[in-house]
J.: 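This is the structure, below, for whatever I ask next.
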Amino acid sequence: MSIKCAACGIADKTSEGKLWCVKYKFEISEETTVNRSNCYYFIEPQFEDGEPMSVLQNLMLKECELTSRRMRGPV
């Protein structure tokens with residue numbers, strides 16, 4: 001399994017103990033992570049007041065970050 005996918009803030013554990021990518025809606029396994037080593041949505045798990053943020057909160061943070069990057073540049 002890709003180290004990046006296993007350490008991603010938007011990878012959620014299923015009831016079977018497997019990892020699930022919330023953004024791209026696929027089960028993270030050795031075969032699926034071969035092409036995902038440079039995932040655009042990778043984010044380290046974030047913490048707020050010492051508590052880990054939820055997977056959906058991490059996804060929202062990353063989407064806001066990517067949106068703000070697109071808004072930069074010459075006008």
J.: Between Leu56 and Val22, is any pair of side-chain heavy atoms under 4.5 Å apart?
T.: yes
J.: May I have all residue pairs that pass salt bridge (charged side-chain N to carboxylate O under 4.0 Å, His left out) and include part of residues 45-56, sequence neighbours excluded?
T.: none
J.: Can you check whether Tyr41 reaches Leu59 side chain to side chain, under 4.5 Å on heavy atoms?
T.: yes
J.: Looking at every non-hydrogen atom in both residues, tell me the closest pair between Cys5 and Leu19 and how far apart they are.
T.: O-CD1, 4.4 Å
J.: Decide whether Tyr24 and Ile28 are clustered together by the hydrophobic rule: side chain heavy atoms of Ile, Leu, Val, Met, Phe, Trp, Tyr closer than 4.5 Å, transitively.
T.: yes
J.: Same hydrophobic cluster for Met60 and Val55, using side-chain heavy-atom links shorter than 4.5 Å among ILVMFWY?
T.: no
J.: Run the salt bridge (Lys or Arg N to Asp or Glu O under 4.0 Å) test against Glu63 and tell me which residues pass, sequence neighbours left out.
T.: Lys23
J.: Under the side chain to side chain contact (heavy atoms under 4.5 Å, CB included) rule, collect the residues that match up with Gln46, sequence neighbours excluded.
T.: Ile43, Glu44, Met53, Asn58, Leu61
J.: Could you state the interatomic distance from SG (Cys21) to CZ (Phe26), rounded to the nearest 0.5 Å?
T.: 4.5 Å
J.: Go through Tyr40 and Lys62 one step at a time and tell me if the side-chain contact (heavy atoms from CB on, under 4.5 Å) criterion holds.
T.: CA-CA 9 Å; Tyr40 200 57; Lys62 188 62 176 184; over 6 Å; no
J.: Identify the heavy atoms of Ala7 and Pro45 that sit nearest to each other, and give their distance.
T.: O-CD, 3.3 Å
